[in-house]
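Notes follow once the structure below has been shown.
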Amino acid sequence: MAQPSEPNAAHKGELKLLRFGMMLSQAAILVTALLFGGMVLYSFGFASFLFSALPADAAGPLLRRAFPHFYLFVIACALSGTALTATLDMPSALILGLIALTALLARQVLMPAINGATDMGNRTRFKVLHTGSVLVTLAHIVGSSAAILRLST
C-alpha cells in the first residue's frame with residue numbers, strides 16, 4: 001500500500017494562505033459584530049437605562065460626556081473592519097468605511113450642534129438634530145448588520 005506523499009512547498013504555501021484568509025475573515029466578522037453589538041447596547045441599553053435610573057437633569061449631562069467615547073469606539077471598530085474586509089468583500093469594506101466617516105462627522109459636527117441647541121434651550125432645533133443622530137445610528141446598525149451577513153456567507 002502506498003504512503004501519501006508529503007505536500008510540496010507550493011501546496012504548503014497555498015494552505016498557509018488559505019488559513020490566513022480564514023483568520024482574516026473571522027477577525028473581520030468579529031470586529032464588525034463588536035461594532036454592531038456595541039452600537040445596539042449603547043443605543044438601546046445604556047442610554048435608556050440612564051434616563052430610567054437617573055433624573056433627566058443628571059442623565060443628560062452624563063450621556064453628553066459618554067457620546068464622544070461612543071463615537072470613538074464606532075470609528076475605531078469601523079476603520080478596523082474596513083481594513084480587515086478590504087481584500088475579502090469590497091461592499092462590506094465600503095459600508096464600514098462609510099460608517100467610520102459618518103460617525104466622525106456625527107462626533108465633530110452633529111454632536112456639538114446638538115449640545116449647542118441644548119445649551120441655548122432651542123428645543124425645536126434639538127429635536128431635529130437629535131432625530132438626525134438617531135437615524136445615523138440606526139443606519140450604522142443596519143449597515144454593520146449587512147456587513148456581518150455578507151461576511152458570514
Side-chain angles (χ1 to χ4, degrees), residues 13-120 122-153:
E14 290 172 8
L15 288 175
K16 283 183 180 181
L17 190 58
L18 183 61
R19 279 191 213 112
F20 178 75
M22 289 176 61
M23 288 179 7
L24 189 64
S25 177
Q26 291 167 342
I29 292 168
L30 288 173
V31 167
T32 307
L34 177 64
L35 171 65
F36 172 82
M39 290 187 297
V40 169
L41 179 62
Y42 187 85
S43 301
F44 299 105
F46 178 69
S48 62
F49 170 75
L50 281 183
F51 281 101
S52 68
L54 298 172
D57 60 333
L62 183 57
L63 198 57
R64 180 188 259 199
R65 287 185 60 200
F67 257 107
H69 303 285
F70 166 72
Y71 282 123
L72 287 177
F73 167 82
V74 172
I75 293 164
C77 286
L79 285 176
S80 298
T82 301
L84 289 167
T85 60
T87 61
L88 302 170
D89 183 53
M90 190 50 69
S92 293
L94 291 173
I95 290 168
L96 293 170
L98 188 58
I99 290 171
L101 176 64
T102 54
L104 178 64
L105 291 172
R107 184 180 193 274
Q108 299 303 118
V109 178
L110 188 56
M111 190 175 61
I114 291 170
N115 292 341
T118 301
D119 294 344
M120 293 186 321
N122 189 338
R123 297 203 38 82
T124 302
R125 182 166 168 77
F126 168 82
K127 286 180 183 179
V128 169
L129 293 170
H130 181 262
T131 299
S133 78
V134 168
L135 292 175
V136 166
T137 299
L138 289 174
H140 289 171
I141 290 169
V142 169
S144 63
S145 66
I148 291 168
L149 293 173
R150 289 187 60 85
L151 292 166
S152 64
T153 57

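Just the heavy atoms: all of them, side chains too, but no hydrogens, waters or symmetry mates, feed the values below.
Counting only heavy atoms from C-beta outward, the side chains of Pro91 and Arg150 approach each other to under 4.5 Å. No side-chain heavy atom of Glu14 sits under 4.5 Å from any side-chain heavy atom of Leu18. Residues Tyr71 and Leu105 are not in side-chain contact: their nearest non-hydrogen atoms beyond the backbone lie 4.5 Å or more apart. Contact annotation: the side chain of Ile141 approaches that of Thr137 to within less than 4.5 Å [non-hydrogen atoms, C-beta and beyond]. A 4.5 Å side-chain heavy-atom check between Phe46 and Leu41 finds every atom pair outside the cut-off. Under the 4.5 Å side-chain criterion, counting only non-hydrogen atoms from C-beta, Thr118 is in contact with Arg64.
No side-chain donor-acceptor contact under 3.5 Å links Thr32 to the backbone of Ile29. When atom types are taken as modelled, the side chain of Ser145 and the backbone of Val142 share a donor-acceptor pair closer than 3.5 angstrom. Side chain of Ser25 to backbone of Gly21: no donor-acceptor contact under 3.5 angstrom is found.
The distance from the CG atom of Leu72 to the CZ atom of Arg107 is 4.0 Å, given to the nearest 0.5 Å. Atom CD1 of Ile148 and atom OG of Ser92 lie 9.5 Å apart (nearest 0.5 Å). Remark: Leu34 CG to Met39 CE distance equals 9.5 Å, nearest 0.5 Å. The CZ atom of Phe20 sits 15.5 Å away from atom CG of Leu15, with the distance rounded to the nearest 0.5 Å. Atom CG of Leu94 and atom CG of Leu101 lie 12.0 Å apart (nearest 0.5 Å). In this structure, Ile75 CD1 and Leu104 CG are separated by 5.0 Å, a value rounded to the nearest 0.5 Å.
Across all non-hydrogen atoms, the minimal contact from Thr82 to Gly97 is OG1-N, 3.0 Å. Summarising the geometry of Ser144 relative to Leu35, their closest heavy-atom pair is CB-CD2, 4.0 Å, with the distance given to 0.1 Å. The minimum heavy-atom distance linking Ile99 with Thr102 is given by the pair O-OG1, 3.2 Å. Here the closest heavy-atom approach between residue Ser80 and residue Val31 is recorded as CB-CG1, 3.9 Å. Of all heavy-atom pairs spanning Leu88 and Ala28, the tightest one is CD1-CB, 4.0 Å. Closest approach of Pro61 and Ala56 over heavy atoms only: CD-O, 4.1 Å.
More than 12 heavy-atom neighbours from other residues, nucleotides or ligands sit within 6.0 angstrom of CZ on Phe51.
Note on ring orientation: taking the six-membered ring where Trp is involved, the planes of His130 and Phe126 are parallel (angle under 30°, cut-offs 30° and 60°). Ring geometry, Phe67 versus Tyr42: the interplanar angle exceeds 60°, so the pair is classed perpendicular (tilted spans 30 to 60°).
Among the candidates Leu84, Leu79, Thr85, the single residue satisfying the side-chain contact (heavy atoms from CB on, under 4.5 Å) test with Leu96 is Thr85.
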